[in-house]
Amino acid sequence: MRLDDDLKYFESSEFKDILATYETACEAGSQPYMEADELTDIAEYYSMVCHDDERAEEAITLALQLHPDAVDPQVFKARQFMQAGELGTAEDLCNAIEDQQHREVIFLRAELMVHEERVEEAAAMLLQTAYAIQEDSDYFLYDSAYIFIDYHIYDQALVFANQLEQIAPDWYKTWQVMADTHLGLSNNRLALTYIERMLDVDPFATESWNWRAEAYCELGEYPEALNSTEYALAIDAQNERATQLKAWVLLQQEHYPEALALYERLIEWSPDNEQN
């Protein structure tokens with residue numbers, strides 16, 4: 001799944017209710033009984049959004065205590081070791097999961113292969129699985145593509161994006177993965193064809209306006225890039241990526257005072273960002 005999809009879920013009322021239930025119980029000194037996937041989502045929230053590994057560990061430990069055979073917390077734990085570079089431990093944990101045909105286990109194994117520089121083997125395994133499954137093959141191809149996009153392996157991502165387009169050419173997520181992949185491959189004109197379709201469906205998607213700005217920046221068409229950032233900032237005035245893009249465009253157009261003002265704002269927001 002894309003990182004942005006996870007982040008959107010964390011902003012949902014459904015997740016906020018789950019988190020409130022968990023945190024209220026913890027503050028009261030009791031151990032809440034919750035489903036494995038709920039506790040895994042909470043652990044991911046603490047890890048990805050709060051960058052609080054201690055609280056993430058508490059949530060996933062509880063998940064494994066209550067549901068020792070559940071796949072989601074086992075995958076989360078293995079992925080933690082993988083991201084820490086402890087590939088042997090991660091692989092042992094992956095092998096220990098009983099349901100080896102679970103999609104998340106397959107995706108985890110593919111990621112481990114990528115970390116081990118067995119990229120073509122990972123792609124072959126995922127394609128073989130995609131051909132075999134009967135249900136939700138579109139989602140499987142979409143998530144497979146994003147494994148490679150996350151690691152900037154865009155040529156392999158394109159294989160899955162093309163397969164997805166064959167079975168779901170008019171799906172928003174198909175356009176999304178196609179745009180993301182072609183941006184990564186610097187096929188900016190082609191990426192724009194998908195981005196425009198996305199904006200026709202959802203003109204309030206800040207990410208799509210940012211992608212449009214990125215494509216036009218790469219093409220050196222700065223008025224269109226600036227126009228895209230203006231739309232993005234009209235939707236979300238505090239959007240950091242849109243502000244970065246607008247500052248860059250103004251810099252290229254030699255509008256130095258305006259660019260400087262934006263960069264100073266960005267440094268206030270993210271003082272550790274060397275680029276700003």
Open item on the list: Less than 6.0 angstrom separating the ring centers of His102 and Phe107, yes or no?
Closed with: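 Not under 6.0 Å, so no.
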Listing, residues 68-81 side-chain donor-acceptor contacts under 3.5 Å, not counting sequence neighbours, or none:
from	atom 1	to	atom 2	distance (Å)
Gln74	NE2	Asp69	O	3.3
Gln74	NE2	Ala70	O	2.8
Lys77	NZ	Glu57	OE1	2.9
Lys77	NZ	Glu57	OE2	2.5
Arg79	NE	Glu111	OE2	3.0
Arg79	NH2	Glu111	OE2	2.8

Task: Trp211 (side chain) donor-acceptor with Thr206 (main chain) under 3.5 angstrom - done: no
Table please: side-chain donor-acceptor pairs of residues 268-276 below 3.5 Å, with sequence neighbours left out.
from	atom 1	to	atom 2	distance (Å)
Ser270	OG	Glu240	OE1	3.4
Ser270	OG	Glu240	OE2	2.6
Asn273	OD1	Gln275	N	2.9
Asn273	OD1	Asn276	N	3.2

Any [X] side-chain heavy atom under 4.5 Å of [Y] side chain:
X: Glu264; Y: Leu260; result: yes
X: Glu44; Y: Thr40; result: yes
X: Leu190; Y: Leu185; result: no
X: Val105; Y: Cys94; result: yes

- [ ] Check which hydrophobic residues are tied to Leu233 through side-chain heavy-atom contacts below 4.5 Å, counting indirect links as well, and list them.
- [x]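 So far as hydrophobic clustering goes, Leu233 is joined with none.
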- [ ] Could you label the plane-to-plane angle of the Tyr231 and Trp209 rings as parallel, tilted or perpendicular, counting under 30° as parallel and over 60° as perpendicular?
- [x]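 The rings of Tyr231 and Trp209 lie parallel, inter-plane angle below 30°.
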TODO: Could you check whether the rings of Phe160 and Phe148 sit parallel, tilted or perpendicular, using 30° and 60° as the cut-offs?
DONE: parallel
TODO: Report yes or no: do Ile60 and Leu93 belong to one cluster of Ile/Leu/Val/Met/Phe/Trp/Tyr joined by side chain heavy-atom distances under 4.5 Å?
DONE: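 Per the 4.5 Å side-chain linkage, Ile60 and Leu93 are not co-clustered.
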Open item on the list: Could you see if Met125 belongs to whatever hydrophobic cluster contains Tyr151? Use Ile, Leu, Val, Met, Phe, Trp, Tyr and a side-chain cutoff under 4.5 Å.
Closed with: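 In one cluster: yes.
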Open item on the list: Is it true that Glu165 and Tyr194 share a donor-acceptor pair across their side chains at a distance under 3.5 Å?
Closed with: yes
Task: Pair Gln176, Tyr142: side-chain N/O donor-acceptor within cut-off below 3.5 Å - done: yes
TODO: Please determine if Arg241 and Glu207 form a salt bridge, counting it only when a charged side-chain N lies under 4.0 Å from a carboxylate O.
DONE: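 No, this pair does not count.
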